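Following: one structure in structure tokens, then a few remarks.
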2 protein chains.
Amino acid sequence: MSAKIAALSERSAETGATTAAPAPPIWDIIELLFFAYRDFVGDPDEVLSKLTFGRAHHRVLHFVNRNPGMKVADLLDILNITKQSLGRVLKQLIDQGFVVQKEGAQDRRQRLLFVTPKGEALSLKLAQLQTARINRAFGELGPGAHEAARRFLTAMIDSDNRDGVLRQIARADHAKAQT
Amino acid sequence: MSAKIAALSERSAETGATTAAPAPPIWDIIELLFFAYRDFVGDPDEVLSKLTFGRAHHRVLHFVNRNPGMKVADLLDILNITKQSLGRVLKQLIDQGFVVQKEGAQDRRQRLLFVTPKGEALSLKLAQLQTARINRAFGELGPGAHEAARRFLTAMIDSDNRDGVLRQIARADHAKAQT
DNA sequence: CAAAATATGTCAACATGACTGACATAAATA
DNA sequence: TATTTATGTCAGTCATGTTGACATATTTTG
């Protein structure tokens, strides 16, 4: 068997270095991630659709709730979408009273984003649906499951984003704790 | 602190039963899952966009590759979309020679789906990108990481789907092993 | 065998949420 | 003052999902 694997390795023409054959696909994780994520976002989807909101609204609401006073530009970076795309959903959330904008104190060009009590309530409701699923899973898996999941998911993030994401989560925890 | 939590529990008017307050949101896992999944599907997206394909094509190609000879109806069940929606992407994959349909032997109404060598190559290439990320993560996490991730992701799936998903993965492993 | 059910495909219309490109405004900064 | 920055907006396009209606071939059922 190892002979077969060795036979699949290739010698690069330019460098002469031996290139290992690509590792065989890890089908189980690939597929489990697909199904787990689908169910995970499916819970909020039901609630959102009753408000004629979609996942886009959920993401905006979530991050504004977690990072009160964040700039529009920060939100665009996190969501990785264009401002035109953000504009529509943000406008709907503002028009319907889930989010408000306030002029920046130091820099008056900025429109800092905050959730209203109504927005916070919705964000919390959606997060609780997802939390119920997570806690159900952790309950089945026993102690250490939370830490193991956190480590696995963190390691799956692009290494150049990873520190930023972890910092953002830590900062948000702090911000919400003061509320 | 436990006094505070206890104070949040409510007594249902109808049943008189004590309803526990919803557990506080598990923000870290909620956000890590968002970022991890975004990066996870981002790798294939780049390759696909060069072929003017999207995630929809990826999903179809993936499941057909993993389940050679599957029926259109099975694919619809897994993807959870309408046949009109599937029709478009499937047609493109067939027209461009990534997937073929064969009439069912027993039931000639069925159009059984298979990937071509070209389709298998693309599916494999995409899976290898995702596998590289997974293996990078497992490498950082040490032994047991694969098993821990599998258990976590499995527990996150709707319990009524879970057995079906696991059966499907096991069946697909068997099918591909024979190739 | 005729009738009903099943597997699939297709036409039309529409919604959502992305995109690009261009341009506007106000405020900060060089 | 001139430039850059933060934000917003208009217009058009694309990908991918939806509903509803209908067509065709084949299998199953009464």
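Not measured: the values here are computed from a predicted model. First the proteins, then the strands, lettered A, B, ... as listed; each starts at 1.
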Going by heavy atoms in the side chains, are B:Phe138 and B:Ile134 under 4.5 Å from each other? yes
Given atom CG of B:Leu48 and atom C1' of D:dA15, what is their separation to the nearest angstrom? 13 Å
Could you tell me whether the phosphate oxygens of C:dA27, OP1 or OP2, come under 4.0 Å of any side-chain nitrogen or oxygen in A:Arg111? no
Could you state the NE2-P distance from B:His58 to D:dG17, rounded to the nearest angstrom? 14 Å
Is A:Val165 close to A:Asp163 at the side-chain level, that is, under 4.5 Å between some pair of heavy atoms? no
Ring geometry between A:Phe98 and A:Phe53 (parallel below 30°, tilted from 30 to 60°, perpendicular above 60°): perpendicular
Using modelled atom types only, decide if a donor and an acceptor are shared between the side chain of A:Arg108 and the backbone of A:Glu103 within a distance under 3.5 Å. no
Please give, in whole Å, the distance from C:dA5 P to B:Asp107 CG? 17 Å
Round to a whole Å and report the spacing from CZ of A:Arg38 to P of D:dG17. 11 Å
Distance in angstrom units between B:Leu75 CG and D:dG17 P, rounded: 11 Å
Considering residues, nucleotides and ligands other than A:Lys118, do more than 12 of their heavy atoms fall under 6.0 Å from its NZ? yes
To the side chain of B:Ala73, which of C:dT8, C:dA28, D:dT26 is closest? C:dT8
Hey, which of these two, A:Gln106 or A:Arg55, hits DNA chain C nearer its 5' end, going by closest nucleotide? A:Arg55
Using only side-chain N and O atoms of A:Arg109, determine if any of them is under 4.0 Å from OP1 or OP2 of C:dA24. no
Starting at CD of A:Gln110 and ending at C1' of D:dT5, how long is that distance when rounded to a whole Å? 10 Å
What's the CD-P distance between B:Gln101 and D:dA25, to the nearest Å? 16 Å
Would you call the rings of B:His62 and B:His58 parallel, tilted or perpendicular, where under 30° means parallel and over 60° means perpendicular? perpendicular
Can you find a side chain N or O atom of B:His57 that sits less than 4.0 Å from OP1 or OP2 on D:dA15? no
Which heavy atom of A:Phe40 sits nearest a heavy atom of A:Gln130, and at what distance? O-NE2, 3.2 Å
Rounded to the nearest Å, what distance is computed from the CG atom of residue B:Leu112 to the P atom of nucleotide C:dA7? 12 Å
Return the residues of residues 76-98 of chain A meeting this criterion: a heavy atom under 4.0 Å from some atom of DNA chain D. Order them by number, or give none. A:Lys83, A:Gln84
